[in-house]
Structures are given as C-alpha cells and as structure tokens.
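Hydrogens, waters and symmetry mates play no part in the numbers below; they use all other heavy atoms, side chains included.
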Amino acid sequence: MGEGKTKAALAAAEVLAARFGLDGVFVAMPTQATSDPMYEQVLAWVRSFGPELESQVALLHGKRRFNPRWREIWEGKTRAGAGEADGSVSDPWDVYGAIDEDDEFGMPSAPDNLAAAEGREGSGPPQWFLGAKRGLLTAFAVGTVDHLLYAATRTRHVMLRFAGLAGKVVIVDEVHAADVYMRQFLLEALRWLGQAGVPVVLLSATLPPAQRQAFVDAYLAGVLGAADVTERVPEPAGYPCVTAAFAVDGKPVAKSSRVVVPSWRASGPVHVGWLPDAGKDGAAVAAAAREAVAVGGVVLVVVNQVDRAQAIHEALRKGGFAGELHLLHGRLCAAHRAERTERCLRLMGPGAERPGRMVVVATQLAEQSFDVDADALITDLAPVDLLLQRIGRLHRHEGTHRPAVHQVPRVLVTGVVGGVQGRPRFLPASKAIYREWLLLRAAALVAEVAGPLPENDARAGSWAAGGCWSIPKDVPGLVARAYGEVELCPAGWGESVAREAWLARETVREKNAEAFVLTRPREWAAATLEGLHYAGSRAHAEEELDAVVRDGERSLEAVIVRRLAGGYTAVDGTRLGSHGEALDELVVERLLGGTVRLPARLTEEAERALTALPGWEAHPWLRYARALVLGEDGWAVVGGQRVGYDGVLGLVVERL
C-alpha cells in the first residue's frame with residue numbers, strides 16, 4: 001500500500017503502447033470516490049508527454065459533474081452557452097457505478113431521444129464522447145471498473161463497450177475488490193482482452209494467490225484461443241512483486257519476480273491491539289480516538305456501517321472534541337461528499353499542512369485508493385486483505401511530522417467482542433457484508449499478535465497492549481493464510497461450519513453470474529461468433545442492467561428538496577420555483593448536488609412513492625430523477641421510517 005503501483009502501471013502502459021502500437025489507456029477503479037483522484041493522476045501523466053492531449057482524458061462515472069477539473073476541461077465555455085440546457089453537454093444517466101457501498105443502482109439510463117446534439121462540439125473536447133456508452137471511445141479514460149465488466153456481459157451495446165477497450169492498455173486498480181460474483185465478469189473480460197491482444201495490468205497490494213492464478217489462466221485462455229489453460233504461476237520472491245503472463249510460439253508462459261526487490265520503505269512494526277466494542281452508540285471508539293489525539297496527531301476511524309460512523313462522530317462532537325472533526329460516508333449528498341473528500345485529501349495528503357489535532361470518521365470509502373496519511377487507526381474488523389488496506393493509510397507519506405507518541409503506527413481493531421469460549425461476536429452489519437468465515441479467520445490472525453479477544457469491559461488502555469505485524473513484509477503471508485484451507489481458529493469457534501456456509505453462498509453467487517456472462521462456459525475458444533448471444537439479454541431496459549455485474553441489494557438515489565410555504569428549495573437552500581422547477585443551469589447544478597443514496601431497505605417503497613416534482617417534467621436532466629421531499633420539519637416518511645438530511649451527518653434514517 002502506498003508503494004507507487006499506479007505510477008509503475010502508467011510507466012508500463014507507455015512501454016506496452018509503444019511496443020504494440022496502441023493509442024490509449026483505460027484505468028478502472030473500484031469506486032467513484034477513487035476515480036476522482038486517479039483522474040488527476042492520469043491528467044498529470046498525460047501532460048508529461050502531450051499537454052495537448054489533456055482534453056482527451058475522460059472521467060467516466062455518474063458524479064463527474066461535481067469534479068471541478070473535469071468540468072473545466074469538458075464543459076469549458078459551453079457552460080455559459082446553451083449546451084447543458086438541452087442536455088447535450090453531459091449525460092447524467094451514463095452511470096455504471098462502483099463496488100461496495102458506492103454501488104450505483106436504480107438510476108435510469110438516458111432515454112433514446114436525449115441525444116439532442118450528437119456530434120456537436122464546444123470549445124473543448126468533442127461533446128459526442130459524453131453520450132451514453134461512448135466514453136470509453138476517448139483516447140484516455142478513468143472510470144469505475146463496471147465499464148470493463150459490462151464489456152463482458154450478454155447485454156445490448158456490448159460491442160460498443162468492447163470497441164472502446166480495443167487498442168488500449170487496460171489498467172485495473174485494486175483488483176482484489178471484486179467479489180466472487182463480479183470476478184466472473186472480470187475473468188470473462190480478461191479472456192476477451194487476451195484474444196484481442198489488449199495488454200492488461202492488474203494492481204493489488206493484497207491479492208490472494210488463488211485469484212492471481214485465476215486471472216492468469218483467464219487471460220492466457222483468450223490469448224491462446226483455448227477453452228482451458230492452466231499455467232502454474234510461480235510463487236514470487238519477496239514483496240512487492242510482479243507476475244507476467246503471455247504466450248510465445250503458441251505456448252503459455254507465466255513468470256513471477258524471482259529477485260527480491262526491496263520496498264522503497266523498510267518494513268516496520270505496526271502495533272495491533274483490540275478495542276472490544278460491538279455497540280451502536282460509538283462511545284468506546286470515540287473515547288479511544290479522543291485519547292489518541294490528546295497530545296496531538298491525526299486519527300482515522302474506519303467502520304463498516306454508516307449508522308455507526310454517524311454515532312461515533314456525534315459522540316465525539318457532543319463530548320466537546322477540541323480539534324478538526326470530519327465525517328465521510330456514502331449517504332452524504334453528492335456535493336457534500338465531494339467537498340469533504342477533497343478537504344480530507346488536502347489535510348492528510350502528500351505534503352499537507354496537517355492540523356494539530358484531527359479525527360476523520362469514515363466508512364469503507366477510506367479503505368483503498370485514498371491517499372491519506374494517519375498517525376493512528378481505529379478500524380472495525382474486516383477480512384484480512386481489507387484490514388491491511390486500511391492499515392495502508394497509516395504512516396503512508398515520507399517526511400510527515402508526527403507527535404512523539406505516534407512515531408510507531410498503531411491500530412485498534414474493534415467492532416467485535418469476545419463471547420463464549422472466546423468466540424468472537426461481530427456487528428450484524430459486518431456479518432451481512434463480509435460473512436462469518438472470513439471474519440473469524442481475520443479475528444484469529446489478529447489474536448496471534450494482539451492476544452485473546454477480550455470481552456467488552458475486559459481491559460482499559462488498549463493503545464498500550466497487543467503485539468506487532470511487520471508491514472509490508474507480512475502482507476502476502478497474512479493474505480495467503482486468510483484465504484487458505486488450513487484452519488486458523490481455536491476449537492469452539494465453529495470455523496468449519498462457517499466455511500461450509502461461505503462456500504455454499506459463493507457457489508450460488510458464481511452460478512448466478514452465468515445468466516449474464518457473455519459466452520457459455522468453456523466456449524471461449526469458439527472459431528466464430530455463432531451463438532454468442534445464445535440466450536439474449538435477460539434485461540430489456542438500461543435501468544435493468546444497472547445490477548447486472550453486482551448482486552447486492554438494489555438501492556436508489558434521490559434528490560433532496562425541502563418544501564416551504566409557497567414552493568421548494570434545494571438542499572443548500574437555493575430557491576426553486578413553486579412547482580420545483582430549476583430556473584437556470586446553476587440552480588440545476590445545486591439541485592443535483594443534493595443527490596443522495598437511500599438505504600437498500602427503503603428501495604421497494606421508494607420506487608413506488610418517490611417521483612419527479614411537477615416542475616421537472618420538461619427538463620431532460622430532472623424528469624427521470626426522484627425527489628425526496630422533506631417537510632418543513634425536515635423529515636419525510638419512506639417505507640415506514642423517518643428520513644431526514646443533516647448538513648453534518650448526511651442522510652439520517654430513524655424508525656417511527
């Protein structure tokens with residue numbers, strides 16, 4: 001983590017493009033939140049060899065209009081003209097989404113008649129590329145990994161998506177983030193990219209060996225036009241490491257780095273301890289965070305649930321925390337989330353002038369591709385590879401001034417308490433997201449250095465207790481053990497039962513993906529395209545395709561508006577017309593800045609109850625949006641629950 005994989009991948013892309021005559025690069029990121037900082041990196045890289053090509057770098061996700069650099073390049077002077085008013089400048093429905101809590105479900109795709117000005121060009125790049133599904137046709141693109149996965153689906157327009165990848169170098173960052181369902185599409189994409197001669201660079205600091213082998217086999221199957229290829233990947237020497245797969249004279253080759261390449265920073269101890277807590281009030285975590293910055297420093301808190309993050313933030317705020325306090329999660333409206341992400345990067349990024357005392361409370365948004373540097377970390381228990389990703393935010397940048405107490409990076413693992421026979425009791429949200437087997441194995445590995453998992457009130461002063469992992473030296477071994485077959489947990493933890501349940505669920509999810517994967521199993525080597533769409537698309541409207549490459553619970557986005565006497569306002573207070581109409585494009589922008597994701601449990605009712613305001617019917621950007629109308633008391637009722645929006649906490653959901 002923080003080793004410079006991205007810069008290495010871009011350097012590799014230059015070499016591969018020159019060697020094979022390619023003319024572009026697509027960088028696939030796990031989430032929208034990680035795409036924005038990567039967009040800045042790719043812009044800087046492109047400027048280094050062709051400043052005039054900056055306008056050929058596209059950002060592909062549904063919230064790009066809130067990225068000021070993208071707007072400057074791609075909208076330019078057209079914002080002052082008629083471009084956006086007729087929907088021709090940007091396509092708000094071109095949303096493919098992301099992974100984990102950043103998933104995009106439920107946003108309708110552009111209607112067929114929206115292409116009001118195809119081919120029209122403004123003062124910047126050709127606006128034609130901003131149409132739905134056309135973004136990958138730009139020379140350089142950064143976007144969510146879904147754009148790549150859709151190119152491996154049995155859906156309409158798959159040829160257009162794949163055409164955008166052909167002739168490019170494809171870079172997939174944080175490739176470990178794809179779960180078993182998504183991996184079926186990634187493996188299919190690798191077969192087709194291999195067949196098309198497209199070089200692919202996969203990046204991960206925490207990739208299990210079995211997944212690395214599967215990716216190599218899939219790519220080589222495409223390269224060789226064979227249904228089954230199994231070329232054993234040699235175990236790399238040292239860490240970081242490189243694996244390469246290719247064909248020579250029709251034979252597969254897989255190589256791994258055999259020379260130990262030292263990390264740019266020497267491995268060092270990361271102190272790991274327990275903070276037993278499985279409650280929702282956030283008091284224990286807030287107290288530990290306050291203690292950690294008592295004499296100064298920056299603490300990052302990463303938890304697995306939005307409600308828990310909000311509770312911890314409130315416990316700190318109401319307790320009179322003296323310092324900077326920030327909250328970052330997926331239920332912030334688009335404008336607030338962009339502002340807070342940018343501020344956190346500015347205060348904790350490379351070369352930042354850090355405040356004397358700061359706590360950032362976040363969900364999984366801060367887990368990866370979030371280039372911040374914390375002095376100490378408090379994290380809910382997660383599978384070991386993700387736990388290590390979170391640890392990768394610790395002591396990340398050279399030259400950062402730290403208080404004496406923070407000279408050694410420290411981690412407290414929470415969100416779990418000891419139960420009968422020491423068996424961990426997890427937060428229900430953690431079990432729902434990650435499943436029990438992976439959490440049990442993670443707890444066992446942490447217990448090897450931090451000691452037995454205590455009960456809730458078993459000890460105080462947790463920052464001083466525990467043992468150490470050597471990072472990055474221990475990373476590959478920990479990941480391999482976490483996903484291996486040897487039992488790790490003490491007797492009485494029920495590991496074998498949990499593993500069987502996990503395997504059964506993984507098998508079902510893998511089978512479910514077959515309904516949309518582009519080709520039949522074992523028919524990747526077919527000599528013709530006959531039967532390619534053998535079952536046709538199972539979905540007939542683009543909005544039905546949003547969930548094709550993800551099998552999580554569907555959720556919806558809504559635009560927050562407040563009802564006042566005589567009309568409505570946007571979430572930031574901007575006045576709307578009496579029927580909710582936005583009077584100009586600046587008002588539209590502020591209105592859409594209030595777009596927020598609703599919890600999945602509200603989806604069914606929200607689909608029935610939430611519609612566009614009457615004044616939105618004539619606007620191409622708003623007519624398909626759903627309005628979450630908050631009354632004068634600041635609340636709405638959806639699905640039997642009270643829903644409100646707080647400028648600090650974000651979306652708040654309470655039971656009636």
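When side chains are defined from C-beta on, K168 does not count as touching L22, because their heavy atoms never get closer than 4.5 Å.
Ring geometry for F49 versus F140: interplanar angle of 30 to 60°, hence tilted.
For R161 and Y150, the positive end sits near the middle of the six-membered ring, less than 6.0 Å away and at most 45° from its axis.
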Could you pull out all donor-acceptor pairs under 3.5 Å where a side-chain atom in residues 218-229 meets a protein atom, sequence neighbours excluded?
{"residue": "Y219", "atom": "OH", "partner": "V198", "partner atom": "O", "Å": "2.7"}
{"residue": "D228", "atom": "OD1", "partner": "R522", "partner atom": "NH1", "Å": "3.4"}
{"residue": "D228", "atom": "OD2", "partner": "R522", "partner atom": "NH1", "Å": "2.1"}
{"residue": "D228", "atom": "OD2", "partner": "R522", "partner atom": "NH2", "Å": "3.4"}

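Scored by the side chain to side chain contact (heavy atoms under 4.5 Å, CB included) test, A214 finds L187 as partners (sequence neighbours excluded). Residues passing the side chain to side chain contact (heavy atoms under 4.5 Å, CB included) test with S496 are E487, sequence neighbours excluded. Contacts of W437 classified as ring pair (Phe, Tyr, Trp, His ring centres under 6.0 Å), with partners at least two apart in sequence or in another chain: W502. Take Y239 and apply the side chain to side chain donor-acceptor pair (under 3.5 Å) test, not counting sequence neighbours, and it matches no residue.
Listed by first and then second residue, the salt bridge (Lys or Arg N to Asp or Glu O under 4.0 Å) pairs involving residues 9-22 amount to none (not counting sequence neighbours).
For NZ of K431, the number of neighbouring non-hydrogen atoms (other residues, nucleotides, ligands) closer than 6.0 Å is 12 at most.
Side-chain atoms of W45 and Q41 include no donor-acceptor pair closer than 3.5 Å. S35 and T144 share no donor-acceptor pair across their side chains, judged by distance under 3.5 Å alone.
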